[in-house]
Amino acid sequence: MSKTLVIVESPAKAKTIEKYLGKGYAVESSIGHIRDLPRSAADIPEKYKGKAWARLGLDIEDGFKPLYVVSPEKRQHVARLKKLAADADEIILATDDDREGESIAWHLYQELKPKVPVKRMVFHEITKDAIQQAITHPREIDTNLVEAQEARRALDRLYGYEVSPVLWKKVAPKLSAGRVQSVATRMLVERERERMRFVSATWWDLLATAQTAGQVTFPARLTDVAGQRLATGKDFDPLTGKIKGGTEVRLLTEAEARSLAEGLTGEPLTVTSAEEKPFTQRPYAPFITSTLQQEGSRKLGFAATRTMRAAQRLYEQGYITYMRTDSTNLSQEAINAARTQVKAMYGGDYLSPQPRVYAKKAKNAQEAHEAIRPAGSSFRTPDSLRGELSGDEWRLYDLIWKRTVACQMADARGRSLRVRLAGQAKTGGTVGLSASGRTIDFPGFLRAYVEGSDDPAAALEDRETPLPPLKEGERVTAEAVKPEGHETQPPARYTEASLVQALEGAGIGRPSTYASILGTIQDRGYAIKKGQALVPTWTAFATSALLEHHFGRLVDYDFTARMEEDLDDIAGGRAQRVPYLRRFYLGEDGEGMALRPLIDSKMGEIDARGIATIYVPKLDGTGIEVRVGRYGPYMQRGEDKANLPEDLVPDELTSEKANEIMSRPTGDRVIGVDESTGHPVVARAGRYGPYVTLGDGNPPIRSASLFPGDELNTLTLERAMRLLSLPRLVGVSEGEEVWAQNGKFGPYLKRGNDSRSLSTHEQLFTVTLPEAEALFMQPRFRAKGAAAPPLKSFEYEGRAPIVLKSGRFGPYLTDGERNATLRKGEEEGNLSAERALEILEERGKVPQKKPGQKSGRKAAAGTAKAGSKAPTKKAAGRTTTGTATKKAAPSKKVPVKKAVGQAPAVAKTALTWADLKPHLGVLSDQERALVTATRDQGRKVEDVAPGLGLDVKKAKGMALQANKKLNQAARGG
DNA sequence: CAGTGAGCGAGCTTCCGCTTGACTT
């Protein structure tokens with residue numbers, strides 16, 4: 001009997017379809033994409049390891065040809081599919097009918113290399129009819145659509161993997177940029193900037209309780225005084241807190257409001273107009289991923305991931321249709337099921353006369369699936385599932401069921417009423433008030449579903465604000481009148497749900513990625529959650545400013561929308577992938593994004609310090625600047641610095657707050673008092689890290705660094721005293737005292753002029769004299785070749801042995817020639833001789849001796865830190881061939897060229913002032929002034945310091961540091 | 001610039017979109 005292999009994307013879908021297809025068909029799933037560009041060096045196959053473009057996974061010079069690899073976790077599954085494919089007589093690729101789905105089908109075809117006929121089939125709903133229809137109408141793989149997907153993939157890779165390193169250099173390591181996340185971050189930042197600029201304003205009005213002759217009361221609000229309209233929130237300019245120019249409104253002070261309230265109490269009011277208007281309201285469209293996440297958040301308080309997790313389980317168990325969709329479309333089966341249920345549960349009156357069809361709503365929707373709805377041709381009611389589903393799942397199902405059923409229900413009908421009243425205060429002056437009400441005559445779909453509310457019945461009542469029947473000319477009494485003060489509010493921060501909504505509105509991101517976008521921007525430290533609100537961090541401000549100023553077009557809100565248009569052209573055969581990517585990445589005749597040349601020019605141009613400085617409007621005139629530094633955000637005024645508290649969100653940083661933080665004693669915390677001396681013990685954060693001092697003076701009586709496990713905030717007095725007890729006299733050996741002390745390289749023992757490192761800090765307290773003496777017996781540091789005992793040794797025939805050693809960066813292999821660090825997962829314990837050889841052959845590197853000695857990438861990277869011009873040249877070289885880069889780069893760089901030309905020995909000797917001088921740029925203004933005065937003019941630090949406003953001791957320290965920096969820069973480090 | 005004794009194999013970080021387990025808590 002012949003066997004057809006059908007491959008879909010999801011296992012749950014495979015199971016369902018298999019039922020509909022019956023004998024002769026085996027249905028399997030790809031479980032999403034099966035191949036992708038290599039993520040990192042570990043994913044790059046041996047063959048391509050050395051290629052300059054391997055890091056990107058795109059061979060730019062060969063038409064941006066992608067390098068696809070089956071990821072390790074998919075290998076087993078793909079092997080299984082291959083085997084099944086080999087046994088089948090025919091293969092049908094039945095992945096989603098959209099860009100990504102087409103691509104998955106193509107990748108399956110490429111990877112499985114079937115020798116039997118292959119067909120492509122698509123369907124938009126999983127019903128027996130639809131599937132059987134689809135299987136009799138197969139088509140070919142649409143290569144244009146596949147090209148469009150490859151263009152999308154390449155663009156995202158180029159954007160992400162080329163722009164992120166700019167951030168590593170200019171802001172902080174491990175940051176990331178991307179088409180989606182960078183725009184999402186920008187949205188948060190721009191909203192926060194609005195909040196930071198916002199100036200609030202106060203306005204007053206009156207709330208009267210009016211009473212009719214029949215003793216019915218209703219609320220009415222003051223709208224005008226003496227014929228002039230009263231100011232409300234929207235009349236104020238959010239930037240100044242003042243009434244917008246050209247607006248003729250009356251602004252009441254609190255005193256005026258109080259006096260007016262008093263004057264109006266008990267006075268008669270006349271109804272000047274009473275308008276009644278009928279209204280109807282249509283039900284909402286059925287759920288798509290974004291609206292499900294929004295309502296999950298609003299009604300159930302679920303984060304996006306929680307909603308999706310529950311939806312996934314409902315889908316897998318066959319309770320709902322697919323949960324990652326951007327289509328509001330319902331199948332005929334679903335419409336029938338919903339209508340049947342409406343009729344049965346609410347009666348025919350509640351049924352929409354015609355079946356409702358919802359049009360495409362989302363920008364760039366791909367519409368491969370149905371809307372999210374209860375599965376099947378007759379919906380299970382939530383009540384019938386009570387025992388069957390767990391908490392989250394049941395509540396989400398209930399929501400989906402209600403929304404689906406409601407969408408086939410009748411419109412809600414009602415009347416809105418608006419009443420205007422006039423009166424006169426005792427104190428004189430006419431006033432106008434207004435009251436509005438809403439009455440629902442027929443709730444229609446509201447019986448089942450009210451957006452944003454968990455309980456339709458209660459929400460229905462809220463939606464009604466009835467007014468008594470009032471006629472023009474009728475008189476009522478202002479029973480009680482209350483003055484009310486209002487404050488204008490800054491625009492609200494985004495929540496997870498509203499950010500997803502905003503992204504979707506701009507066509508950015510896809511249903512399958514909404515939840516993970518939120519994860520990414522939080523993982524990278526661009527946003528934190530404060531309650532429901534997403535608050536951008538200072539790092540987000542710095543990153544966003546860099547991208548906006550230097551890569552503005554990449555973070556345009558319509559960048560994705562334009563990309564989608566171009567991809568549609570490629571999919572439609574009107575444009576080609578390669579020219580499109582060329583324009584984006586390389587630029588052509590001055591046209592296109594030209595990302596690579598742009599980055600090359602920007603690497604040198606972007607001022608990291610400037611980018612790290614964040615503009616805070618409320619600090620104008622205070623002289624205080626906010627910066628993002630290596631150790632987090634801080635404020636600076638002149639030489640004074642203060643860390644920004646972690647819990648301080650950007651819009652709460654006012655000038656008062658900033659001044660208060662700046663004037664705080666630099667984070668010092670008095671832990672207690674030393675009983676024996678009576679001196680205070682203080683915990684401090686210094687430039688070498690956290691430390692404690694005995695005495696609060698400057699200089700302190702004694703100081704000691706905290707150990708790695710210690711926390712500044714939780715350090716006890718007892719622990720502090722123990723730390724301060726160092727250095728410890730261990731004993732006397734060979735006529736010299738042996739001291740255990742903590743130093744800049746960690747804990748060590750000192751005996752005369754000799755020293756030995758200790759392996760743990762705690763040993764400072766525990767090491768005994770015999771142990772110390774044993775340590776001093778060993779050589780101080782190893783001569784080259786006479787290495788530490790290897791952890792393991794592998795022997796080979798016809799080649800030098802390979803040994804496993806433990807080094808600074810963890811375990812590594814070496815054969816004396818080349819070295820290779822072990823990677824994650826390469827267990828040193830069960831390393832075989834074969835594997836060791838493989839690793840060394842694969843990526844063994846000749847150790848780098850001196851800066852500049854190795855050519856190409858390494859040397860260029862070394863100088864990138866020293867000078868601002870070098871990176872530009874390095875980057876420019878990259879667009880040419882790999883070999884050209886290697887030859888060209890070092891010869892172009894002045895400082896390194898020198899290091900190369902001179903022998904290694906020279907690099908060790910002291911550099912002359914002439915060598916150092918070109919690197920003055922790495923110093924601060926003050927350091928530079930100090931160094932030039934001493935070196936160029938031969939003046940003494942003691943004489944120069946007062947002119948620079950420094951005390952002599954500080955200046956000497958600074959001069960030392962400055963010389964260190966200069967030497968480092970001159971040596972290309 | 002709180003004070004502190006050398007010197008030593010680097011290599012990796014990152015994108016978006018399609019999907020589920022296999023892990024642990």
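Order of the sequence lines fixes the chain letters, A, B, ..., with proteins taken first and strands second; residue numbering starts at 1 for each chain.
Although no hydrogens or angles enter the test, the distance criterion places a donor-acceptor pair under 3.5 Å between the side chain of Gln366(A) and the main chain of Arg99(A).
In this structure, Ser176(A) reaches the sugar-phosphate backbone alone: every heavy-atom distance under 4.0 Å involves primed, P, OP1 or OP2 atoms, never a base. Backbone-only engagement by Arg524(A) is indicated by non-hydrogen atom pairs under 4.0 Å involving sugar-phosphate atoms exclusively. Contact annotation for Ala177(A): backbone-only contact, meaning every heavy-atom pair under 4.0 Å involves sugar-phosphate atoms and none involves a base. Within 4.0 Å of Thr520(A), counting heavy atoms only, lie sugar-phosphate atoms of the nucleic acid but no base atom. When heavy atoms are screened at a 4.0 angstrom cut-off, Arg39(A) is found touching base atoms of the nucleic acid. Residue Tyr159(A) is classed as having no contact, given no heavy-atom separation below 4.0 Å to the nucleic acid. Gln149(A) comes within contact range of no nucleotide atom at all, as no heavy-atom separation falls under 4.0 Å. Residue contacts shown for Gly101(A) are absent, as no nucleic acid heavy atom lies under 4.0 Å away. Across all strands, Leu167(A) comes closer than 4.0 Å to no nucleic acid atom at all (heavy-atom distances). In this structure, Gly743(A) reaches the bases: a heavy-atom distance under 4.0 Å links it to at least one base atom across the strands shown.
Look at Ser703(A) and you won't find any side-chain N or O under 4.0 angstrom from OP1 or OP2 of dG3(B). Of the side-chain N and O atoms in Arg510(A), one or more sit less than 4.0 angstrom from OP1 or OP2 of dC18(B). For Arg324(A), a side-chain nitrogen or oxygen approaches OP1 or OP2 of dT20(B) to under 4.0 Å.
Cation-pi geometry between Arg157(A) and Tyr161(A) is met: under 6.0 angstrom from the ring centre, within 45 degrees of the axis.
Taking the six-membered ring for Trp and thresholds of 30 and 60 degrees, Tyr322(A) and His369(A) have ring planes inclined between 30 and 60 degrees apart.
Stacking annotation: Tyr691(A) is stacked on the base of dA2(B) (ring centroids less than 5.5 angstrom apart, interplanar angle below 30 degrees).
Side-chain atoms of Ser516(A) stay outside donor-acceptor range of the base of dG17(B), with no qualifying N/O pair under 3.5 Å. With hydrogens and angles ignored, no donor-acceptor pair closer than 3.5 Å exists between the side chain of Arg157(A) and the base of dC16(B).
A donor-acceptor contact closer than 3.5 angstrom is absent between the side chains of Tyr68(A) and Glu111(A).
Side-chain proximity of Ser10(A) to the nucleotides dC16(B), dT19(B), dG3(B) is greatest for dT19(B).
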